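Just so you know, these numbers come straight off a predicted model, no measurement behind them.
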Amino acid sequence: MADIMGNVSNLVRNETDLARAEIGESLTKAGASLGSMAVALVLAITALNVLAAALVALLVQMGLEPLWASVLVGLGLLAIAFAVFASAKSALKQIGFVPTRTARNVSRDVAAIKESLNDR
């Protein structure tokens, strides 16, 4: 019985370590993705400011009132921003923060412990 309790203790410790490693790996991936998104956002804002001003100037030169040219460009940029955000949100959901390998191992360990208790 002491051997079984020692083995159970070791299994629990090992599974806890595995769960921590899996969660840490997921958080690292999420952090890298969020960091890349932040860099892309800063660059995009700078570029969009320049391009939006140029597009508004072009529309005004083509005869559109400055107010309506600004509204049109703003709405177009807002639609693009929404699409990019939705894509990034979807990518984050796919990472998966649940330690699935650990859950499988724990189920296997429980079955093995039950089997060893039934054999005695």
Legend entry - Under 3.5 Å: donor-acceptor pair, side chain of S90, backbone of A86: no
Legend entry - Interatomic spacing from OG1 in T28 to CD in E25 - rounded to 0.5 Å: 7.5 Å
Legend entry - Connected-component partners of V60 among ILVMFWY, side-chain separation under 4.5 Å: L48, L55, V56, L58, L59, M62, L64, L67, W68, V71, L72, V73, L75, L77
Inset, instruction - Assess whether side chain to side chain contact (heavy atoms under 4.5 Å, CB included) is satisfied between V84 and L41, documenting all intermediate values. - result: CA-CA 10 Å; V84 170; L41 181 63; over 6 Å; no
Legend entry - Residue pair D17 / R20, side-chain heavy-atom distance below 4.5 Å: yes
Inset, instruction - Would you mind reporting whether L18 and E15 have side-chain heavy atoms less than 4.5 Å apart? - result: yes
Legend entry - Pairing residues for S87 by the side chain to side chain donor-acceptor pair (under 3.5 Å) criterion, not counting sequence neighbours: none
Legend entry - Among V42, N49, L43, the one residue meeting side-chain contact (heavy atoms from CB on, under 4.5 Å) with I45: N49
Legend entry - Separation between CD of E22 and OG of S26, rounded to the nearest 0.5 Å: 7.0 Å
